[in-house]
Each structure stands twice: as structure tokens, then as C-alpha cells.
K.L.:
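What follows is a single structure, and I will ask about it in a moment.
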Amino acid sequence: MRRWSLAGQMLLLQLVVVAVAVAGGAVLESVLAREVVGGQAAATSQAVALSVAASPDVRAALAGPSPTARLQPYAERVRLDTGVDFVTIMKPDGTRYTHPNPAEIGRRFLGHTEQALRGHAFTETYTGTLGPSVRAVVPVRAGGSVTALVSVGIKVEKVSAELFVILVWTGLITALALGLGAGGTWLVTSRLRRQTHGLGPLELSRIHEHHDAVLHAVREGLLLVGRDGTLTLCNDAARQLLDLPEDAEGRHVADLGLADVLTTREERVHLVGERVLAVNSAASRLGTVVTVRDHTELQALAGQLDAERGFAEALRSAAHEAANRLHTVITLVELGRTEQAVAFGTAELRAAQELTDQVMAAVREPVLAALLLGKSAEAAERGVELVISPDSDLDDLGVDPRELVTILGNLIDNAVDAASRVEVCLRADEGELLIRVADDGPGLTSAEAFRRGWTTKGDGHGLGLALVGQAVRRLGGAIDVEGSVFTVRLPVPERVR
């Protein structure tokens, strides 16, 4: 059995509410109309009766020899003028002087007269010769005594006819109100049906639970930025990666310091705090959907891989040069110049071994030693002299080698790009690790050098020095720049001091 959709349930509920409200109003209107019409009939009857009882013509006719002759035409004229159904003037004992039906003249009045005989006017509903009627009975006084009675009435069927007209109009208005209410309810529920895709409360609840579970369980950061730049949605991963406060939703991205990160229109790498984040965004009808992935570990591994590739490239270059020199030695031997061949080969071996011995003697940390050998070969191919400072002396101090590769590798790359001679110094100095890279280039003149996007290269991405600054902060160190000399100081773990 198919469950009713939320829109259908809302339509039924609102229709019932509207129907009950309109029906209750109609019933109340009917009761009030009955009371009003009946009250108006009684008031009209009493007003006409009082007017007749106070008429001088009536008093004069009652004092004459033949009251009926003068009162009957008068009573009929009043009846027609006022629209009542009868005007009866009678003796105190109830004998009629007037009646709409002349045959009833002289007969006894049908109804109660006790209160009127005591001098009090009153109204009642009574069934007389004309049928049920709403009537008033009023005394006619002369010299302090009741000399006659006047009864004026309106038949109940006339009252009912007026009430019927009122009820008909009430019914029409009720039907119109019900139709308008039902139409408005249908329009509202139609829109609700479109917005909920015809789903019922159970389906909507299940979708919300699934959405909430997926949103908070996914490892990638997910955010929704409105068209006005307001952050409307963020999951737990996004809060952690971007270090967002609990009240981030509903605030503008500029207030959160993430305007450049969350409004980018392409996938880019951003540095946020101590993390390297890959941010991707796509426009939607609700705004901009932003996904954030943590590339910190990947970036560190990529830096280490670059170092390994550089070392492999250096080995390839060295192998190529070694092949050239071997051909030279073989040619000298074939020419019979053995002594020159031996001297040439010995000199080449000595130069290569001296570089290796110098690096390995100064730097006993294997990853950094491999990085320096690779960068030395790469610099030599580009015509740049890369030397190790004589005071370099560094053992394995327990600092994350991936972070060291990021720091030293990017500093050397920037120096090689900008200078013809680069000097590297690595040593442990008073409980801290010192890394100094100096070159003979123009140096830095901008304080924004360690901000992501800053670059002096037309085709650069401005990421190298930003990664250096981030790695130094992660390790709790500091970096100083004086012209073309970069000095990084990192704390050494307690266990190796």
C-alpha cells in the first residue's frame, strides 16, 4: 500500500481544517441570524403596538359609540404601511375591535393578556387564527386604568422566509469560502509536492538521516557557499581541515578568513594553517559546492619523491658523463697514451669521490645526503656551483626527513633558479637544527614571499616558499631572510639532545 506523500497529508489536513472552520462559522451565522430575525420581528411588533396604543385616533375611537367602524380602517392602514401581519385592537376582556379577517371581529383574542392587563407590554410567540406568529401585546391607558389592548404580530412563516434568504446567502458565502480555501490549499500543497518530490514523511526522514550520515562520515571536506558568500553548510571534515568555529554556518566566508579559498573557481592547492589542501569548487543553483582534500602527507611524499627523482637524474647524468669520459680513456689507450689515460681517469674518479665524501662526511642523514648529491648534479648541469659549507656537520637528529626535504629542496631550487653559486650549511647548533642556504643572487625584497601565490617567475605557481614556511611552522621552528641568505632553525627532539 502506497503511503500518502507529505503534500497529500497536508492537503487533507488543511481541507479538514478549512471545512470545519467554515462549517462552524456557517452554523454560528445561522444561530445568530435566527436570533436576530426573531428579535427584529418582536421589536418591530412591539414598536408598532406601542405606536398604535399611543395614537390619539385610537383613544378617540375607543371613547366613541362604534369603535370598530373607526378602528378597523385605521388598523388595516397601519398593517399595510408597516408590513406586519395583523393589528388587533381589543377590549380588556379580549373581544376584538379589529382583525385582518373581518369575520374574527367580535370574537375573543387567542393569546395571553395577563401582563398587559397589569399595565406591562410584552412579546411572545403564539399560534392564533393566522397561525404561529411573533406578537406584542400593549395596554391602552386612560385615567390610570387599562381601557383596551393592542396586539401586533408577524407570522412565523414570514420570519422563516427572511431567515431562509439569510441562510441561502450564508450557504453561498460558505461554499465560496470553502472553495477558495480548498483552492489555496491545493496550490500550496502542489508547490510543497514539487519541493518534496512527492515524498512522504518517512522517506524525507530517511533521506535526511542518510544525508546527515554521509555528510559527517565522508573524509573529504564538503561545504556549500551561497551566492552572497554565506557559508550555508559544512561537514565535520571541513571544520577540521579549515579549522572552522562551531558557528561557521551562516557567516560570510570573508569573516572566516577563507574568501580566497572558498570562492576559487578551479582546483588549486591552498595552504591553510599547517595543512596543504586541494580545493575544488563547482557552481550549482544553490551557490558553490566546495570540496576540500588534505594533501599534506601527499605533498610531503611528493617532495621526497622529487628528491629521489633528482638523485636518479643525477645518477643518469653522471652515468652519461662517465660514458663520455670512459670513451676518452679508451681512445687515449688506443692511441698509445697510457699515462695520459690513467691520469685523466684518476682525476675524474677523484673529483666524483671528493664530492661524495664531502657530502657524506658533512651530512650523515641519508635522505638529506641523497638530496644534496642529486641537487649538486642538477646544479652542475645548469651551470650553477653548489657547495657544502665547510662547517656543515649533521647527524640524524630524529626530525621528520620528509619535512626536511620540503624545506631544503625548495630553498635550493629557488637559489639555483636565481643565482650562479649556492652554498648550503647544515649543522646542529645549541640544541637546534640549522639550515642555511645562501646564493649570489639579488635576494628577496618582499615580505609576502612565504604567502601562497607569490612568485618572481612568470610561469611559477608561488608554492615552494609557502610550503617551506608551512613545514617550518609544523616543526615549531623559525625562518629568517637577509637578502639572499635563508636561515631555518628547527628544534631538536629531546631524545637526541
Side-chain angles (χ1 to χ4, degrees), residues 271-276 296-297 299-304 306-307 358-376 379 386-419 421-452 454 456 462-497:
L271 305 182
V272 179
E274 297 181 355
R275 292 186 175 90
V276 180
T296 305
E297 293 293 329
Q299 194 70 32
L301 292 175
Q304 188 172 356
D306 287 341
Q358 181 185 9
V359 171
M360 297 305 296
V363 181
R364 268 85 65 189
E365 209 291 330
V367 175
L368 289 184
L371 175 66
L372 288 173
L373 288 174
K375 294 299 182 182
S376 297
L386 176 62
V387 297
I388 308 299
S389 174
D391 60 345
S392 294
D393 186 13
L394 183 66
D395 291 318
D396 185 0
L397 299 180
V399 181
D400 189 350
R402 293 177 298 178
E403 301 284 16
L404 296 179
V405 166
T406 297
I407 296 171
L408 184 58
N410 282 288
L411 290 178
I412 293 176
D413 287 341
N414 284 345
V416 170
D417 289 338
R421 185 178 187 277
V422 179
E423 180 177 327
V424 177
C425 177
L426 300 169
R427 72 171 185 269
D429 187 11
E430 298 181 357
E432 64 181 6
L433 169 60
L434 183 141
I435 301 175
R436 179 181 294 116
V437 178
D439 60 69
D440 58 357
L444 293 180
T445 59
S446 174
E448 300 291 326
F450 293 94
R451 179 179 59 82
R452 190 230 183 277
W454 187 93
T456 58
L463 188 61
L465 288 180
L467 290 174
V468 171
Q470 189 183 61
V472 171
R473 288 193 299 272
R474 275 199 298 268
L475 295 176
I479 183 169
D480 297 321
V481 182
E482 295 182 5
S484 58
V485 179
F486 290 75
T487 304
V488 176
R489 299 181 183 276
L490 301 175
V492 176
E494 292 289 341
R495 60 183 179 83
V496 296
R497 291 184 183 180

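Count residues from 1 along the sequence.
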K.L.:
Of the non-hydrogen atoms in L490 and G477, which two are nearest, and what is the gap between them?
P.N.:
CD2-CA, 3.9 Å
K.L.:
If every non-hydrogen atom of G476 is compared with every non-hydrogen atom of P491, which pair is closest and at what distance?
P.N.:
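Answer, listing the atom of G476 first, then P491: O-CD, 3.6 Å.
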K.L.:
Look up atom CZ in F486 and atom CD1 in I407, then write down how far apart they are to the nearest 0.5 Å.
P.N.:
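That separation rounds to 13.0 Å.
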K.L.:
What are the two closest non-hydrogen atoms of V422 and A415, and how far apart are they?
P.N.:
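V422 and A415 have their closest heavy atoms at CG2-CB, 3.7 Å.
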K.L.:
Show the nearest heavy-atom pair for residues E403 and A471, with the distance to one decimal.
P.N.:
OE1-CB, 3.3 Å
K.L.:
Provide the closest heavy-atom pair for R427 versus L394 in the form atom of the first, atom of the second, distance.
P.N.:
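That would be C-CD1, 4.1 Å.
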K.L.:
Is there a side-chain contact between L411 and V424 in this structure, where contact means two heavy atoms from C-beta onward sitting under 4.5 Å apart?
P.N.:
no
K.L.:
Looking at L426, is its backbone amide N or carbonyl O close enough to the side chain of S392 to form a donor-acceptor pair, meaning the two atoms are under 3.5 Å apart?
P.N.:
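Yes: the side chain of S392 pairs with the backbone of L426.
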K.L.:
Please test V488 against L408 for side-chain contact (heavy atoms from CB on, under 4.5 Å), starting from the C-alpha separation and ending with a verdict.
P.N.:
CA-CA 9 Å; V488 176; L408 184 58; over 6 Å; no
K.L.:
So which atom in L433 and which in V492 form the shortest heavy-atom distance, rounded to 0.1 Å?
P.N.:
N-CG2, 3.6 Å
K.L.:
Can you tell me which residue pairs pass the salt bridge (Lys or Arg N to Asp or Glu O under 4.0 Å) test with a partner in residues 480-489, sequence neighbours excluded?
P.N.:
E432-R489
K.L.:
Tell me, please, which residues at least two apart from A418 pass side chain to side chain contact (heavy atoms under 4.5 Å, CB included).
P.N.:
none
K.L.:
Once rounded to the nearest 0.5 Å, what's the spacing between atom CD1 of I388 and atom CG of L372?
P.N.:
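I388 atom CD1 to L372 atom CG measures 4.5 Å (nearest 0.5 Å).
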K.L.:
Quick check: do V416 and K375 have side-chain heavy atoms less than 4.5 Å from each other?
P.N.:
no
K.L.:
Using the side chain to side chain contact (heavy atoms under 4.5 Å, CB included) criterion, which residues pair with A419? Sequence neighbours excluded.
P.N.:
D439, D440
